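Structure first, then comments.
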Protein chains: 2
Amino acid sequence: MSIKTIEWRGDRVIMIDQRRLPLEERYIECDDYLSVAEAIKAMVIRGAPAIGVAAAMGIALGGQRIKSRNFSGFFQQLEEICEIMKQTRPTAVNLFWAIERMKRLCWNNQKANIDTLKELLRKEALKIFEEDEQINRQIGINGRELIKDSDTILTHCNAGALATAGYGTALGVIRAAYEQGKTIEVYADETRPFLQGARLTTWELMKIGIPVTLITDSMAAYFMKKGKINLVVVGADRIAGNGDLANKIGTYGVAVLAQHHRLPFYVAAPSSTLDLSLVSGEEIPIEERGSEEVTQLFGQQIAPDGVRVRNPAFDVTPGQYITAIITEKGVARPPYNKSLRELLGRRE
Amino acid sequence: MSIKTIEWRGDRVIMIDQRRLPLEERYIECDDYLSVAEAIKAMVIRGAPAIGVAAAMGIALGGQRIKSRNFSGFFQQLEEICEIMKQTRPTAVNLFWAIERMKRLCWNNQKANIDTLKELLRKEALKIFEEDEQINRQIGINGRELIKDSDTILTHCNAGALATAGYGTALGVIRAAYEQGKTIEVYADETRPFLQGARLTTWELMKIGIPVTLITDSMAAYFMKKGKINLVVVGADRIAGNGDLANKIGTYGVAVLAQHHRLPFYVAAPSSTLDLSLVSGEEIPIEERGSEEVTQLFGQQIAPDGVRVRNPAFDVTPGQYITAIITEKGVARPPYNKSLRELLGRRE
């Protein structure tokens with residue numbers, strides 16, 4: 001992928017505007033933390049790991065501009081920036097994970113002078129960015145053995161390079177299998193309403209050269225019944241202690257259909273997506289977004305004016321539908337209450 | 001509904017252009033059978049019963065222009081018109097049913113003079129049109145008892161007035177329950193790729209005044225799991241002898257999800273949709289339409305240029321997922337091999 005999802009350049013954070021892809025490759029330059037927060041909210045950047053990276057960069061950017069010269073004043077203002085970052089999107093836990101990491105770094109360096117602190121924050125954000133791609137490559141290595149030669153893989157939404165700092169989680173597993181020389185094919189759900197599948201997953205896979213077929217979300221069951229699909233791989237926005245998965249709306253339906261057709265259903269995510277503080281997925285907050293995402297596409301109206309709309313952006317797939325969870329620390333299988341804890345205990 | 005799906009006026013067939021709804025109420029005037037065939041193919045008019053009516057009117061229109069003054073010449077040309085009508089869309093059996101009915105009428109009136117024959121054809125097309133609305137109202141009466149007060153009903157695609165000569169099949173059942181005074185609510189799947197749910201079902205229900213909420217196809221599972229949906233009602237394009245149902249792509253997935261969540265899944269259709277010549281749904285031809293229906297919306301590109309697309313317009317839902325089939329002749333329940341035959345044997 002020659003295109004960068006997000007980048008720190010000089011004193012700015014640059015992101016490709018994912019709302020315009022694949023029609024235009026337009027970049028957004030954020031020169032303060034508020035515009036980073038706005039970009040996350042508006043889905044200029046999306047995908048749980050990428051949101052984490054963006055939040056870290058936003059906080060680092062905000063940190064550079066803090067005027068206070070003593071730690072307590074600095075930390076208080078950094079906390080305010082973190083609070084605003086937290087308000088952007090509620091479901092992906094990577095956001096909160098990255099915010100906590102940045103805050104902890106600051107807290108752990110109370111003795112440092114303020115300029116050093118600013119530099120440490122900038123470096124930590126870049127480290128989160130760099131680690132993310134390495135983690136994805138390790139997820140790919142851990143997951144690629146689950147894909148056999150000549151498999152056709154269904155994926156939902158976009159868990160690719162655009163959803164991360166690079167390489168991808170679900171698409172990382174697919175790429176790693178492809179890079180091993182396996183002959184594979186991908187079916188991409190278009191993923192209404194935001195069309196991450198139609199706009200982003202197809203675009204990424206076409207750039208890499210992995211054969212991809214675009215279908216509407218409603219066609220997944222048809223191709224499963226026809227025996228065309230061999231397995232499903234998706235990303236994750238948050239995984240609870242029992243393996244319950246919050247991911248893009250429609251994931252739960254795909255998981256039910258996969259189970260019904262006896263197909264493996266895999267989840268690929270960095271361990272920062274695990275939220276073992278939650279007993280089950282019932283506790284994960286589900287973001288409901290504006291109705292215009294459903295009634296308009298690139299400004300084109302597609303439904304009657306004033307129609308009532310529901311637009312939950314995520315759903316929760318209970319752990320019992322998930323064959324395995326692929327992380328950089330290894331592959332967890334049921335019972336997840338046990339296996340996820342064991343995984344987090346491991347050193348990478 | 002003040003708007004007419006299709007109408008015979010003078011020597012023309014007038015249809016509302018369903019591709020432009022709800023943005024514009026544009027009418028198409030067909031003054032020969034070829035433009036009727038083209039309108040069916042291009043989905044100016046769609047919905048199995050409406051396609052049947054349009055084909056009958058198209059044949060009647062074609063019949064008016066036949067120059068031959070002897071029966072065998074006339075019949076031969078009528079058969080050629082029928083052949084062209086048959087090529088329009090392969091899945092909905094109502095098309096073939098209406099064509100056969102028009103041809104049989106002609107064949108049964110070999111002694112009539114040619115002008116009388118032309119008049120008979122015109123009258124038969126109008127009869128098919130008028131019967132259709134009456135049949136729908138009877139489907140409504142037969143089906144409304146399956147809907148309880150305060151039910152929320154999920155429907156997929158549009159099986160309303162716009163899919164028929166008037167009133168609707170699946171929406172006819174919903175309307176009949178509403179007209180009984182039941183407090184009901186509808187969730188409408190947007191129904192990609194053609195968006196019949198977003199564009200047509202919401203529009204019809206808003207006109208009638210039945211509360212409707214638009215969701216993407218991928219949200220149906222979410223709302224079923226939340227306990228928001230009480231039952232599903234859909235229309236049908238063809239029903240085989242064992243109850244296997246061909247209907248709009250996505251129906252099969254909804255049926256699997258309904259069964260998984262223990263929700264009744266009802267099908268509403270005129271008996272002309274039954275094709276007992278077919279042992280199972282495996283024999284029903286499934287139309288695959290152009291990729292631009294998936295990659296473009298009102299001319300707006302939404303996927304990368306040149307992406308590979310699959311676009312089956314229908315799927316087959318095996319009879320074992322169907323709680324009951326509601327027709328104008330009564331309600332059939334499993335085993336359908338027996339109940340559908342009994343139903344067709346009944347006088348209306």
Side-chain angles (χ1 to χ4, degrees), chain A residues 21-23 156 187-193 195 197-199 202-203 206 211-225 228 248-257 259-261 286 291 294-295 297-312 314-316, chain B residues 21-23 156 187-193 195 198-199 202-203 206 211-225 228 248-257 259-261 286 291 294-295 297-312 314-316 318:
Chain A
L21 287 172
L23 305 184
H156 188 75
Y187 271 51
D189 277 351
E190 66 174 5
T191 317
R192 283 281 291 144
L195 293 168
R199 299 190 300 104
T202 55
W203 186 74
M206 286 166 85
V212 57
T213 299
L214 173 62
I215 60 172
T216 66
D217 304 321
S218 60
M219 291 173 194
Y222 174 88
F223 288 109
M224 286 182 183
K225 180 154 166 273
K228 184 68 204 161
K248 183 51 51 198
I249 187 72
T251 302
Y252 168 61
V254 174
V256 170
L257 292 170
Q259 189 181 73
H260 189 81
H261 294 90
I286 298 297
S291 62
V294 175
T295 59
L297 273 167
F298 291 106
Q300 170 66 59
Q301 183 81 11
I302 59 164
D305 273 336
V307 66
R308 193 191 311 179
V309 170
R310 287 293 306 270
N311 185 19
F314 302 93
D315 58 25
V316 172
Chain B
L21 286 173
L23 307 184
H156 188 74
Y187 270 51
D189 277 351
E190 66 174 4
T191 317
R192 284 281 292 144
L195 293 168
R199 299 190 300 105
T202 55
W203 186 74
M206 287 167 84
V212 58
T213 300
L214 173 63
I215 60 172
T216 66
D217 304 322
S218 60
M219 293 174 193
Y222 174 88
F223 288 109
M224 286 182 183
K225 182 154 165 273
K228 184 68 204 160
K248 183 50 53 198
I249 186 72
T251 302
Y252 168 61
V254 174
V256 170
L257 292 170
Q259 189 182 73
H260 189 81
H261 294 90
I286 297 296
S291 62
V294 174
T295 59
L297 273 167
F298 290 107
Q300 170 67 59
Q301 184 81 10
I302 58 163
D305 273 336
V307 66
R308 194 190 311 177
V309 170
R310 289 293 305 270
N311 185 18
F314 302 92
D315 58 25
V316 171

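What's counted below: heavy atoms across the whole structure, side chains too, no hydrogens, waters or symmetry copies. A, B, ... follow the sequence lines: proteins, then strands. Residue 1 opens every chain. The shown structure was predicted, so the numbers you read here are calculated from the model rather than taken from an experiment.
- Residues A:Leu23 and B:Gln301 form a side-chain contact, since some pair of their non-hydrogen atoms from C-beta on lies under 4.5 Å apart.
- The greatest number of non-hydrogen atom pairs below 4.5 Å with chain B, out of A:Gln259, A:Gln300, A:Met224, is found for A:Gln300.
- With sequence neighbours excluded, the residues satisfying side-chain contact (heavy atoms from CB on, under 4.5 Å) with A:Ser291 are A:Val309.
- For B:Pro22, the part lying under 4.5 angstrom from a heavy atom of chain A is the side chain only.
- Looking at A:Ile286, only its side chain comes within 4.5 Å of chain B, counting heavy atoms on both sides.
- When each of A:Pro193, A:Ala221, A:Pro312, A:Gly299 is checked for heavy-atom pairs under 4.5 Å with chain B, A:Pro312 comes out on top.
- The closest side-chain heavy-atom distance from A:Lys225 to B:Pro318 is below 4.5 Å.
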I would like to know whether A:Met219 and B:Asn311 meet side-chain contact (heavy atoms from CB on, under 4.5 Å); could you show each step before the answer? CA-CA 8 Å; A:Met219 291 173 194; B:Asn311 185 18; 3.4 Å; yes
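- For the side-chain contact (heavy atoms from CB on, under 4.5 Å) test, residues two or more places apart in sequence or in another chain that qualify with A:Thr251 are A:His156, A:Val234, A:Leu245, A:Asn247, A:Lys248, A:Phe265, A:Asp315, A:Thr317.
- Side chains of A:His260 and B:His260 form no contact here, defined as non-hydrogen atoms less than 4.5 Å apart.
- Side-chain contact between A:Asp217 and B:Arg192 is absent, with no heavy-atom pair separated by less than 4.5 Å.
- Most heavy-atom pairs under 4.5 Å with chain B, from the set A:Thr191, A:Asp189, A:Ile302, A:Val254: that is A:Ile302.
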